[in-house]
Amino acid sequence: RSLQTTDVTMEYYDVQARLAVMRKTEERLLSFMERADKVADLIALEAELSRVRSEIESLQARVNYLSSITDYSELTVQLLEVPRGQLVTPTGTWARAWAALVASLNTIAAGAAWLFVAAWWLLPYLAIAGLAFLAWRWQRRRTRRSA
């Protein structure tokens, strides 16, 4: 079992909080620009406002990205079959003897399974043959009694 996750909850809320702070800063800068008297102050405020708006766009892009990756979360399931009952055999003569024993036991088990399936397959035919035999025997007794 393997599980890999990335939790972006804290980052999402952190970016949201920073975005709110930057929007408040933008509002304050706009209010300062309305009250500025000197051209130098307006230029400085405009430069700062440009930087803040750039930061707002960057943070908004990050919020959009985080929202989209949570909307399209990916779940990948990979199932692998693990072989059952793999026996580790010793090496050498004992290994060959053990392998022969396991092979013969597997053959006996496969034969028993085949016989079980064959018996169930033959069951309806045997039932019909048994009923036919009983009908023939009953008819034969009946004809002997009348003769």
Side-chain angles (χ1 to χ4, degrees), residues 1-34 42-147:
R1 178 181 255 190
S2 174
L3 180 67
Q4 179 183 359
T5 61
T6 304
D7 187 8
V8 295
T9 306
M10 291 303 293
E11 182 181 359
Y12 181 81
Y13 287 117
D14 179 55
V15 172
Q16 285 280 44
R18 290 189 324 185
L19 185 59
V21 168
M22 291 307 258
R23 286 193 173 136
K24 291 286 185 186
T25 304
E26 179 186 29
E27 289 174 14
R28 279 195 321 247
L29 287 172
L30 288 172
S31 70
F32 290 155
M33 285 182 74
E34 290 174 4
L42 281 173
I43 292 174
L45 286 170
E46 185 64 40
E48 184 63 20
L49 186 60
S50 176
R51 187 193 66 76
V52 168
R53 284 184 175 162
S54 173
E55 184 71 22
I56 287 173
E57 288 177 12
S58 174
L59 291 172
Q60 186 61 51
R62 187 66 183 165
V63 166
N64 293 344
Y65 170 74
L66 293 173
S67 294
S68 71
I69 65 169
T70 56
D71 288 343
Y72 300 107
S73 296
E74 179 179 315
L75 175 66
T76 303
V77 177
Q78 183 179 17
L79 302 175
L80 301 173
E81 184 177 355
V82 177
R84 289 187 185 173
Q86 293 293 323
L87 298 175
V88 178
T89 58
T91 58
T93 304
W94 287 106
R96 290 191 307 248
W98 182 258
L101 175 64
V102 169
S104 64
L105 291 175
N106 283 336
T107 303
I108 291 170
W114 183 86
L115 285 174
F116 182 75
V117 170
W120 277 100
W121 182 80
L122 285 174
L123 190 64
Y125 299 107
L126 292 175
I128 292 171
L131 288 174
F133 175 74
L134 289 175
W136 174 76
R137 194 170 153 191
W138 179 74
Q139 181 65 29
R140 190 172 154 209
R141 279 188 185 173
R142 201 169 147 201
T143 56
R144 278 190 183 171
R145 282 187 190 167
S146 63

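We use all heavy atoms of the structure for the numbers below, so side chains are in, but hydrogens, waters and symmetry mates are not.
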Between Ser54 and Ser50 (side chain of the first, backbone of the second, donor and acceptor by atom type, cut-off under 3.5 Å), is there such a pair?
no
About how many Å separate [atom2] of [Y] and [atom1] of [X], when rounded to the nearest 0.5 Å?
| X | Y | atom1 | atom2 | answer |
| --- | --- | --- | --- | --- |
| Met33 | Leu49 | CE | CG | 6.0 Å |
| Leu134 | Gln139 | CG | CD | 13.0 Å |
| Trp121 | Trp114 | CH2 | CH2 | 9.5 Å |
| Arg141 | Arg145 | CZ | CZ | 7.0 Å |
| Ile56 | Ser58 | CD1 | OG | 10.5 Å |
| Asp14 | Leu66 | CG | CG | 10.0 Å |

Thr143 and Ser146: which non-hydrogen atoms are nearest, and at how many Å?
O-OG, 3.0 Å
Minimum heavy-atom separation for Leu30 to Arg53, with atom names?
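Here Leu30 and Arg53 meet closest at CD2-NH2, 3.7 Å.
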Less than 4.5 Å apart, side chain to side chain, heavy atoms only: is that true for [X] and [Y]?
| X | Y | answer |
| --- | --- | --- |
| Glu11 | Arg62 | yes |
| Tyr13 | Thr9 | yes |
| Glu48 | Leu45 | no |
| Arg51 | Met22 | yes |

Using 30° and 60° as the class boundaries, would you call the ring planes of Phe133 and Trp136 parallel, tilted or perpendicular?
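It falls in the tilted class, 30° to 60°.
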Among Gln60, Arg28, Arg18, the one residue meeting side-chain contact (heavy atoms from CB on, under 4.5 Å) with Arg23:
Gln60
